[in-house]
Protein chains: 2
Amino acid sequence: MFSQAEENYIKAIYALDTKTKKGVSTNLIAEKMQTKASSVTDMLQKLSEKRLVIYKKYQGVQLSTKGKKIAASVVRKHRLWETFLVNKLNFSWDEVHDIAEQLEHIKSEKLIDELAVFLENPTHDPHGDPIPDKNGELPSIEKIILATLQVNESGICVGVQDSSSKFLQFLDKQGIALGQKITVIAKEPFDDSLTIKIENRELSISQKIAHNLYVQLK
Amino acid sequence: MFSQAEENYIKAIYALDTKTKKGVSTNLIAEKMQTKASSVTDMLQKLSEKRLVIYKKYQGVQLSTKGKKIAASVVRKHRLWETFLVNKLNFSWDEVHDIAEQLEHIKSEKLIDELAVFLENPTHDPHGDPIPDKNGELPSIEKIILATLQVNESGICVGVQDSSSKFLQFLDKQGIALGQKITVIAKEPFDDSLTIKIENRELSISQKIAHNLYVQLK
DNA sequence: TCTAATTTTTAGACAAGTCTAAAAATATTT
DNA sequence: AAATATTTTTAGACTTGTCTAAAAATTAGA
């Protein structure tokens, strides 16, 4: 069994590991976890002894196979709990992260199995992020950044790149939600803003917004 | 905010505080929490500084008003989560304790409020134990130990005194469950065992069993 | 009531996880 | 390629919660 601290470090490495060969740097992890580099080094050495990460001094870390399994399991728990909070307890999508951060560390395999069944085995959480299955496999859908759509192209809004409360609340205010069809009406070259049609309304969104929304081509 | 350890000690004192004037002893708490008396003393001094307990060296402890509020809130969370596990996730009543021990420490007032609504504001958990309301008030029903019933008296089974897995599984095996009507057919003076009628079956139960079941008189 | 047994507290140590400050290694710049 | 800047690691300290062993207080017994 692993401590909450260990699980959190593993999750951070998992999130920062960008499939490139190179390991994740100590400072990156420290920033992500709001902690100090020296604390990270201590933990990396501990995780390395437990064979959860592959770590060479000064060379960054990567998750081992075992580490990846644990990371996927923690992410699975986190996203299932977020789904529970939104679908069953009437939370909005900008309120669930901190609570799921706590719930993800509850130890019980049966609890998570039953929760998944209760939620009807969701494949994506309320932010559109994929939920790993029991074996740690991610369901993959081809989603692209809204900003990359051409004029007259359209797609279904399926996720967010930035899942901060601020951004999610902004989307709520604009009436933008997952599942909606978005068509690009015009692109403004000057500031890269977009005019989009969504749910029969026309909306102008900034370049920044367009870079933080995912759509799935139809 | 309080640590899990602090909450656990407060909960233990709450459970052991038997309404008599006298404080709860260090050893009793140590036994309940499976820890050492010296650890208990350390924690009592800490809780005392935080004004959560009233503690005088060598004289035992009692919860302060603030301590009682916290205890009730932790118990409320525990019992609501047990109810969730049984009613929504298909757990049986002998499987939920350890998981609820973890879930009771999740920090979020809204989570508990919404959970209570989702469960339709239950007043009792799956073992028949009362769930404190938001203000820490316990719903009181007059329940008595089955063993105290006279021959020909009857009542509804509403709770258990011993909620260990072993006992609960025994009740399952015997087909005894909360909500069932129990009538005492006979009492055996030799060993204080009872013959009862329950759900149209006749059953002989030992003195020990009869002392661990609560019934409500009709 | 005075001694013996029991309970409780203190003192000091340990593990996990964090921090600061300093040292060591790596990366960058000229 | 040498000097400088940056990143990472080490060393030592601190907090929380635990333990063992010894001391102090209370309770029980003769």
Side-chain angles (χ1 to χ4, degrees), chain A residues 1-13 16-18 20-63 67 70-71 74 101-102 104-107, chain B residues 1-13 16-18 20-63 67 70-71 74 101-102 104-107:
Chain A
M1 219 57 349
F2 307 100
S3 70
Q4 296 201 186
E6 288 169 336
E7 288 186 348
N8 284 334
Y9 276 93
I10 289 171
K11 191 169 53 126
I13 297 165
L16 295 170
D17 192 351
T18 53
T20 64
K21 302 244 156 41
K22 303 199 59 193
V24 178
S25 81
T26 303
N27 265 357
L28 247 190
I29 298 171
E31 194 192 5
K32 173 108 182 166
M33 303 203 51
Q34 297 282 63
T35 184
K36 293 290 169 339
S38 56
S39 307
V40 175
T41 300
D42 285 350
M43 182 56 88
L44 293 185
Q45 293 177 341
K46 193 176 153 193
L47 293 177
S48 181
E49 272 173 33
K50 294 195 177 187
R51 309 282 159 200
L52 301 177
V53 299
I54 293 136
Y55 169 67
K56 281 259 180 61
K57 273 186 199 173
Y58 296 101
Q59 305 307 137
V61 257
Q62 288 189 294
L63 292 176
I70 292 160
V74 175
E101 274 310 85
Q102 299 178 63
E104 72 191 9
H105 300 296
I106 302 294
K107 261 113 187 133
Chain B
M1 220 62 341
F2 307 100
S3 70
Q4 295 201 184
E6 288 170 337
E7 288 187 347
N8 284 334
Y9 276 95
I10 288 171
K11 192 170 51 126
I13 297 166
L16 295 171
D17 191 352
T18 53
T20 63
K21 303 245 155 43
K22 302 201 60 194
V24 178
S25 81
T26 303
N27 265 356
L28 247 189
I29 299 171
E31 193 193 5
K32 173 108 182 166
M33 301 202 53
Q34 298 283 64
T35 183
K36 291 292 166 351
S38 56
S39 307
V40 175
T41 300
D42 285 350
M43 182 56 89
L44 293 185
Q45 294 178 340
K46 192 176 153 193
L47 293 176
S48 182
E49 272 174 32
K50 294 196 177 186
R51 310 279 160 203
L52 300 177
V53 299
I54 293 137
Y55 168 67
K56 281 260 181 61
K57 273 186 200 171
Y58 297 101
Q59 304 308 135
V61 258
Q62 287 188 294
L63 292 176
I70 293 160
V74 175
E101 276 306 91
Q102 299 178 63
E104 73 190 6
H105 300 295
I106 302 293
K107 260 111 188 136

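Residue numbers begin at 1 in each chain, while the letters A, B, ... track the order of the sequences.
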### Query
Between B/L44 and B/I13, is a side-chain contact (heavy atoms from CB on, under 4.5 Å) present by the stated rule, with each step listed?
CA-CA 10 Å; B/L44 293 185; B/I13 297 166; 4.0 Å; yes

### Query
Given atom CE of B/M43 and atom P of C/dT9, what is their separation to the nearest angstrom?
14 Å

### Summary
Minimal heavy-atom distance between A/I29 and A/Y9, with the atoms involved, is CG2-CD2, 4.0 Å

## Note on the structure
On a heavy-atom basis, the closest approach of B/A37 and B/N27 is CB-OD1, 3.6 Å

Tabulate atom names and distances for all N/O pairs under 3.5 angstrom spanning the protein and nucleotides 13-15 of chain C.
none

### Task
Determine whether any donor atom in the side chain of A/T26 lies under 3.5 Å from an acceptor atom in the base of D/dT9, or the reverse, and answer yes or no.
no

### Task
Quickly work out the B/N27 CG to D/dT27 P distance and round it to whole Å.
13 Å

### Message
In whole Å, I'd like the distance from the CD atom of A/Q34 to the C1' atom of C/dC19.
### Response
15 Å

### Task
Look up atom CD in A/E101 and atom CD in A/Q4, then write down how far apart they are to the nearest 0.5 Å.
10.0 Å

### Message
Strictly by salt bridge (charged side-chain N to carboxylate O under 4.0 Å, His left out), give each pair with a member in residues 48-58 of chain A just once, sequence neighbours left out.
### Response
A/E6-A/K50

### Message
Could you work out, with side chain to side chain donor-acceptor pair (under 3.5 Å) as the rule, every residue matching A/Q102, not counting sequence neighbours?
### Response
none

### Task
Might you point out which heavy atoms bring B/Y55 and B/G60 nearest each other, and give the distance in Å?
CD1-O, 3.8 Å

### Query
Rounding to a whole Å, what distance do you find between A/Q45:CD and C/dT18:P?
14 Å

### Message
With side-chain contact (heavy atoms from CB on, under 4.5 Å) as the criterion, how do A/V74 and A/F2 come out once you've worked through the C-alpha distance, each side chain's angles and the decisive distance to 0.1 Å?
### Response
CA-CA 11 Å; A/V74 175; A/F2 307 100; over 6 Å; no

### Message
Between the base of C/dT20 and the side chain of A/S38, is one N or O donor paired with an acceptor at under 3.5 angstrom?
### Response
yes

### Summary
Picking from D/dT9, C/dT8, C/dC19, the nucleotide nearest the side-chain atoms of A/K36 would be C/dC19

#### Entry: Whole angstrom value for the distance that separates P of C/dT7 from CG of B/L44
16 Å

### Message
Can you see if the side chain of B/S39 gets near the phosphate of D/dT18 - specifically, an N or O under 4.0 Å from OP1 or OP2?
### Response
no

### Query
Which heavy atom in B/A71 sits nearest to a heavy atom in B/L63, and how many Å separate them?
CB-CD1, 4.0 Å

### Message
I need the residues from residues 3-11 of chain B with at least one non-hydrogen atom less than 4.0 Å from DNA chain D; give them sorted by number, or say none.
### Response
B/S3, B/A5, B/Y9

### Message
Counting only heavy atoms and a strict 4.0 angstrom limit, can you tell me which residues of residues 49-60 of chain A come near DNA chain D?
### Response
A/Y55, A/K57, A/Y58

### Task
Determine the minimum heavy-atom distance between A/G67 and A/I10, stating which atoms define it.
O-CG2, 3.5 Å

### Message
According to salt bridge (charged side-chain N to carboxylate O under 4.0 Å, His left out), does anything in residues 29-45 of chain A pair up with another residue at least two apart or in another chain? List the pairs.
### Response
none

### Task
Mind checking which stems touch DNA chain C? I mean at least 3 consecutive Watson-Crick or G-U pairs, both distances under 3.5 Å.
C:1-30 with D:1-30

### Query
Atom NZ of A/K22 to atom P of C/dT26: distance rounded to whole Å?
13 Å

### Message
If you assign A/M33 and B/V24 each to the DNA chain C nucleotide with the nearest heavy atom, which residue ends up on the more 5' nucleotide?
### Response
B/V24

### Task
Might you point out which heavy atoms bring A/E104 and A/E7 nearest each other, and give the distance in Å?
O-OE1, 4.2 Å

### Task
Check whether any side-chain heavy atom of A/K11 lies under 4.5 Å from a side-chain heavy atom of A/N8, and answer yes or no.
yes

